[in-house]
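Worksheet: the structure to be examined is printed underneath.
The structure displayed is predicted, hence computed values, not measured ones. In what follows, residues are counted from 1 in the order of the sequence shown.
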Amino acid sequence: MNYLSGLSIQNGIAYGKVHKLVPTTESMIEFDLYINQKEVLDQALKLSTEAIENTIKNSSSVFNDTVVMIFEAHKLMVKDPMLLQEAYQLISEGKSAYEAYKTAARNIIDQFKILASDYMKNRIIDIEDATDRVLYAIQDTEYETKLLFDKPRILVLQEMKPSIILNCDKEHVSGFIVQSGSYDQHASYIARSKGIPGIIIDEAMNIIDE
């Protein structure tokens, strides 16, 4: 038996088989540039905002105001004025909605990475979560999926996104092990609100087998 140690997110005991949540590998995407790409982006923003608003509505009856505020912030992030200004500019230069929005989002994330504050660095995962939702919408791909298993599983994942942890229920996910993160991340707070045990273990995706 192997024993692993790491930083606790939520204390508790979890039993179950491991389920690895492997990040989707991005493939080469081709978009029809004859279609108005600004309209494509605007539609994706509309759908993403509606999805977040639905999450806020559902969360408000279950969780406290802090969880609701996390997704209120996500709603603002997807339409950040600086992000959209750059995205629209890139579209005017001939980029697809996907490439333009992704580039603009990445530039903002890179700015956060150089900040010394741990608090600000912890917001990077929120920006990624919010903006990835828009990128999925541009591709007409479902972003949020419930993790449903016949028997409770222990989820192993690369990083904690608030939308992933929010969609974990103890009936199906008895606990989780994350490769990178921190106690102060918003996803960690959501895990504690749900009472789902979790721990951060370096290289978890590589050293834990299903």
Side-chain angles (χ1 to χ4, degrees), residues 1-27 29 48 51-52 55 58-59 62-63 66-67 70-71 73-74 77 102 105-106 109 112-113 118-137 139 141-210:
M1 180 180 294
N2 293 329
Y3 292 90
L4 303 174
S5 61
L7 174 66
S8 174
I9 293 297
Q10 163 71 15
N11 294 332
I13 299 174
Y15 297 97
K17 292 183 177 180
V18 164
H19 175 80
K20 279 188 176 182
L21 194 63
V22 180
T24 302
T25 302
E26 187 174 23
S27 57
I29 305 169
S48 299
I52 296 173
T55 295
N58 293 335
S59 298
V62 180
F63 302 106
T66 301
V67 174
I70 290 170
F71 291 97
H74 281 211
M77 288 174 191
K102 182 177 180 178
R106 179 51 55 188
I109 290 169
F112 272 75
K113 285 182 177 179
D118 288 337
Y119 175 85
M120 298 304 286
K121 288 180 179 179
N122 282 338
R123 299 293 76 80
I124 290 174
I125 193 68
D126 288 271
I127 299 171
E128 290 178 345
D129 195 13
T131 55
D132 280 353
R133 183 188 296 275
V134 178
L135 295 175
Y136 272 64
Q139 299 175 85
T141 303
E142 185 176 7
Y143 184 64
E144 290 188 90
T145 55
K146 279 285 188 180
L147 295 165
L148 306 176
F149 306 104
D150 293 336
K151 295 182 179 180
R153 297 287 191 98
I154 296 176
L155 193 65
V156 179
L157 61 164
Q158 186 169 307
E159 57 185 2
M160 294 182 295
K161 290 183 177 180
S163 61
I164 293 177
I165 302 302
L166 188 70
N167 281 303
C168 292
D169 295 321
K170 290 189 72 173
E171 179 184 354
H172 300 283
V173 177
S174 59
F176 67 90
I177 302 169
V178 63
Q179 181 166 293
S180 65
S182 74
Y183 184 87
D184 296 327
Q185 282 185 343
H186 283 154
S188 300
Y189 183 87
I190 294 171
R192 291 191 290 274
S193 298
K194 284 176 162 279
I196 302 176
I199 190 171
I200 300 170
I201 298 178
D202 289 340
E203 300 298 321
M205 294 291 285
N206 298 324
I207 63 179
I208 298 175
D209 297 321
E210 287 191 84

Would I190 and F71 count as a side chain to side chain contact (heavy atoms under 4.5 Å, CB included) if you check the C-alpha gap in whole Å, the side-chain angles of each, and the deciding distance to 0.1 Å?
-> CA-CA 11 Å; I190 294 171; F71 291 97; 3.9 Å; yes
For the residue pair I196 and K170, what are the closest heavy atoms and their distance?
-> CG1-CG, 3.6 Å
Where do L21 and M205 come nearest, in terms of heavy atoms and distance?
-> O-CE, 3.8 Å
Could you give the side-chain donor-acceptor pairs of residues 154-166 under 3.5 Å, partners two or more places apart or in another chain?
residue	atom	partner	partner atom	Å
K161	NZ	D132	OD2	2.6
S163	OG	D129	OD1	2.7
S163	OG	D129	OD2	3.2

If every non-hydrogen atom of P197 is compared with every non-hydrogen atom of S174, which pair is closest and at what distance?
-> CD-O, 3.2 Å
Spacing of CD1 belonging to I52 relative to CD1 belonging to I70, to within rounding of 0.5 Å = 12.5 Å
Nearest 0.5 Å please: distance from the CG atom of L4 over to the CD1 atom of I201.
-> 4.5 Å
Start with the C-alpha distance between K102 and L135, add both sets of side-chain angles, then the distance that settles side chain to side chain contact (heavy atoms under 4.5 Å, CB included), and finish with yes or no.
-> CA-CA 7 Å; K102 182 177 180 178; L135 295 175; 3.9 Å; yes
is_close_aromatic(H186, Y189), centroid dist under 6.0 Å = no
Shortest non-hydrogen pair, K20 vs I208, comes out as CE-O, 2.6 Å
Roughly how far, to the nearest 0.5 Å, is CG of N167 from NZ of K194?
-> 7.5 Å
Looking only at non-hydrogen atoms, find the nearest pair between A51 and R133 and report the distance.
-> CB-NH1, 3.7 Å
Minimum side-chain heavy-atom gap F176-Q10 below 4.5 Å = no
Apply side chain to side chain contact (heavy atoms under 4.5 Å, CB included) to F149 and V173, showing your working.
-> CA-CA 8 Å; F149 306 104; V173 177; 4.2 Å; yes
Heavy-atom pair of closest approach, residues N122 and I125 = O-CG2, 3.4 Å
State, yes or no, whether a side-chain contact exists between T131 and M77 at a heavy-atom distance under 4.5 Å.
-> no
Hey, what do you get for CD1 (I207) to CG (D202), rounding to the nearest 0.5 Å?
-> 8.0 Å
Just do the side chain to side chain contact (heavy atoms under 4.5 Å, CB included) check on I9 and I200 with the steps written out, would you?
-> CA-CA 7 Å; I9 293 297; I200 300 170; 3.5 Å; yes
Kindly say whether S182 contributes a backbone atom to a donor-acceptor pair with the side chain of S188 at under 3.5 angstrom?
-> yes
First locate atom CG of N11, then atom CZ of R192, and finally report the distance between them rounded to the nearest 0.5 Å.
-> 10.0 Å
Under 3.5 Å, side chain of K151 to main-chain N/O of G16, donor-acceptor pair present?
-> no
